[in-house]
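Starting off with a structure, shown below.
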Amino acid sequence: MHDVVIVGAGPVGGTLALAIADADLDVVALDARPEGQTLRRDRSLALSHGARLIFERLGVWCHLVATPGAVTAIETIDISQAGGFGVARLTAEEQGLPALGYVVSYLALQDAIDHMLVRTRTVVRYDCAVARVGGTPGYAAIEPEGADRDPLLARLAVVADGTGALVSGVTRERRDYGQSAVLAKIDMREPHRGVAYERFTPLGPVALLPEAQHYSLVWTMTPEEAERTLALPDDAFLDQLARRFGARVEGFAGVRDRKAFPLALEYARPATATRTVLVGNASQALHPVAGQGFNLGVRDAFELAQAINACPQEALGDPAMLARFAARRRVDRAAGIAFTHGLTQVFAHDFAWLAWPRGLALTLLDALPPVKKAFTRAMLFGLS
Ligand SMILES: Cc1cc2nc3c(=O)[nH]c(=O)nc-3n(C[C@H](O)[C@H](O)[C@H](O)COP(=O)(O)OP(=O)(O)OC[C@H]3O[C@@H](n4cnc5c(N)ncnc54)[C@H](O)[C@@H]3O)c2cc1C
């Protein structure tokens, strides 16, 4: 029997594998993707300063920053609402940090994690899709797809496959926002200087994240509008975008790589099952409005690693260990879900009566240093 089997060696499962690599444990990671590849197209991940510190400790960061264009620092975040007063500007300088966060290429991050994983004793089996994870009081059974593959048994199964759907005994709550996110790369006439923009509009939030020489756009709208927007000629697309930002951001010059995906809040309840823990998007998939989802996943992985490293081998995956881990993650997880969901409700609706309190909240956030500091710290490091 293995000590730990990790299902999904993506950014979150791979982070966990690295963080427990020095423990004297028999760890196996399984991933459906072929070695050296991902099943996903590239996407821009919003990484907090707290996540950077974790990747630094694991040796991933230095490999990542050596890849040209893979990491872009966010030095300022400018938050505003269309059609109302109130602007908040958060800066790295005020927080005494090198950056408020980073925009990172998914493919480059995966490559850096894979690069570090080959230096560990951890066995990673690629081309190995798992069909089902089930638990008994004594062990977890991980069943790979394909009749010729035997199940693996483990004291603890960690599911980091991005969906969590293959775990039996876990209910998944889903709230469809009835919205889609349009993603694209936006070229600007002037350099972005590390400024990110979050703009709340009656039709949904729009974010511009500085990345390499362009902006990475996350623009929420109804699925019908998303379909129409994807089909617009470049000039019309940029014109619509400029209208959303008004005078707040100007100088849009070009658009590339458009795509859209439906938005939903989805989370496992609970995020543990017999001999099994879910982490990352398998545990919770959030609306991208506040860039919290991936960072929450990285913290899941890092805190689970601490729990595993501190646990006697024979107690791995037992009910007491799982309960301690769930209790430890409860506040950060619930706050990440509630904060992100709350933002979508407060800022995404076109209720005129909300414009004034929203403006007041942004003004207070900007004007009161202790509030600003607490808010920024929660965004950067989570609430646990
Ligand atoms: C369409 C989409 C767009 C997104 N865009 C953004 C964005 O712009 N910015 C942002 O910050 N976040 C974005 N996110 C969220 C971000 O991608 C996730 O937070 C992050 O990828 C979570 O990492 P993970 O390791 O938990 O899961 P994943 O990245 O999904 O990795 C899961 C891993 O498990 C493997 N796997 C899957 N199924 C199996 C199986 N059955 N058996 C074995 N292995 C398996 C996969 O090959 C993969 O390596 C987006 C999410 C989606 C779905």
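Order of appearance sets the numbers: ligands from 1, and atoms from 1 within every ligand.
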Mind listing the N or O contacts between ligand 1 and protein, cut-off under 3.5 Å?
{"residue": "ligand 1", "atom": "8 (O)", "partner": "Ser44", "partner atom": "O", "Å": "3.2"}
{"residue": "ligand 1", "atom": "9 (N)", "partner": "Ser44", "partner atom": "O", "Å": "2.7"}
{"residue": "ligand 1", "atom": "11 (O)", "partner": "Ala46", "partner atom": "N", "Å": "3.1"}
{"residue": "ligand 1", "atom": "17 (O)", "partner": "Arg43", "partner atom": "NH1", "Å": "2.4"}
{"residue": "ligand 1", "atom": "19 (O)", "partner": "Asn281", "partner atom": "OD1", "Å": "3.0"}
{"residue": "ligand 1", "atom": "25 (O)", "partner": "Pro11", "partner atom": "N", "Å": "3.4"}
{"residue": "ligand 1", "atom": "25 (O)", "partner": "Val12", "partner atom": "N", "Å": "2.9"}
{"residue": "ligand 1", "atom": "26 (O)", "partner": "Asn281", "partner atom": "N", "Å": "3.0"}
{"residue": "ligand 1", "atom": "29 (O)", "partner": "Tyr106", "partner atom": "OH", "Å": "2.5"}
{"residue": "ligand 1", "atom": "30 (O)", "partner": "Arg40", "partner atom": "NE", "Å": "3.3"}
{"residue": "ligand 1", "atom": "30 (O)", "partner": "Arg40", "partner atom": "NH2", "Å": "2.6"}
{"residue": "ligand 1", "atom": "41 (N)", "partner": "Val130", "partner atom": "O", "Å": "3.0"}
{"residue": "ligand 1", "atom": "42 (N)", "partner": "Val130", "partner atom": "N", "Å": "2.8"}
{"residue": "ligand 1", "atom": "44 (N)", "partner": "Ala32", "partner atom": "N", "Å": "3.1"}
{"residue": "ligand 1", "atom": "47 (O)", "partner": "Asp31", "partner atom": "OD1", "Å": "2.7"}
{"residue": "ligand 1", "atom": "49 (O)", "partner": "Asp31", "partner atom": "OD1", "Å": "3.4"}
{"residue": "ligand 1", "atom": "49 (O)", "partner": "Asp31", "partner atom": "OD2", "Å": "2.7"}
{"residue": "ligand 1", "atom": "49 (O)", "partner": "Arg33", "partner atom": "NE", "Å": "3.4"}

Q | No-hydrogen, no-angle side-chain donor-acceptor test under 3.5 Å, Arg333 and Gln284 | A | yes
Q) Who are the side-chain contact (heavy atoms from CB on, under 4.5 Å) partners of Arg269, not counting sequence neighbours? A) Glu173, Tyr267
Q) Have Glu266 and Asn281 got a donor and an acceptor in their side chains that come within less than 3.5 Å? A) no
(Q) Can a side-chain donor-acceptor contact be found between Asp26 and His2 if the only test is distance below 3.5 angstrom? (A) yes
Q: Mind listing the closest non-hydrogen atom pair of Ala19 and Ala305 along with its distance?
A: CB-CB, 3.4 Å
Q. Is the backbone N or O of Ala9 less than 3.5 Å from a side-chain atom of Arg33, with the two atoms forming a donor-acceptor pair by type?
A. yes
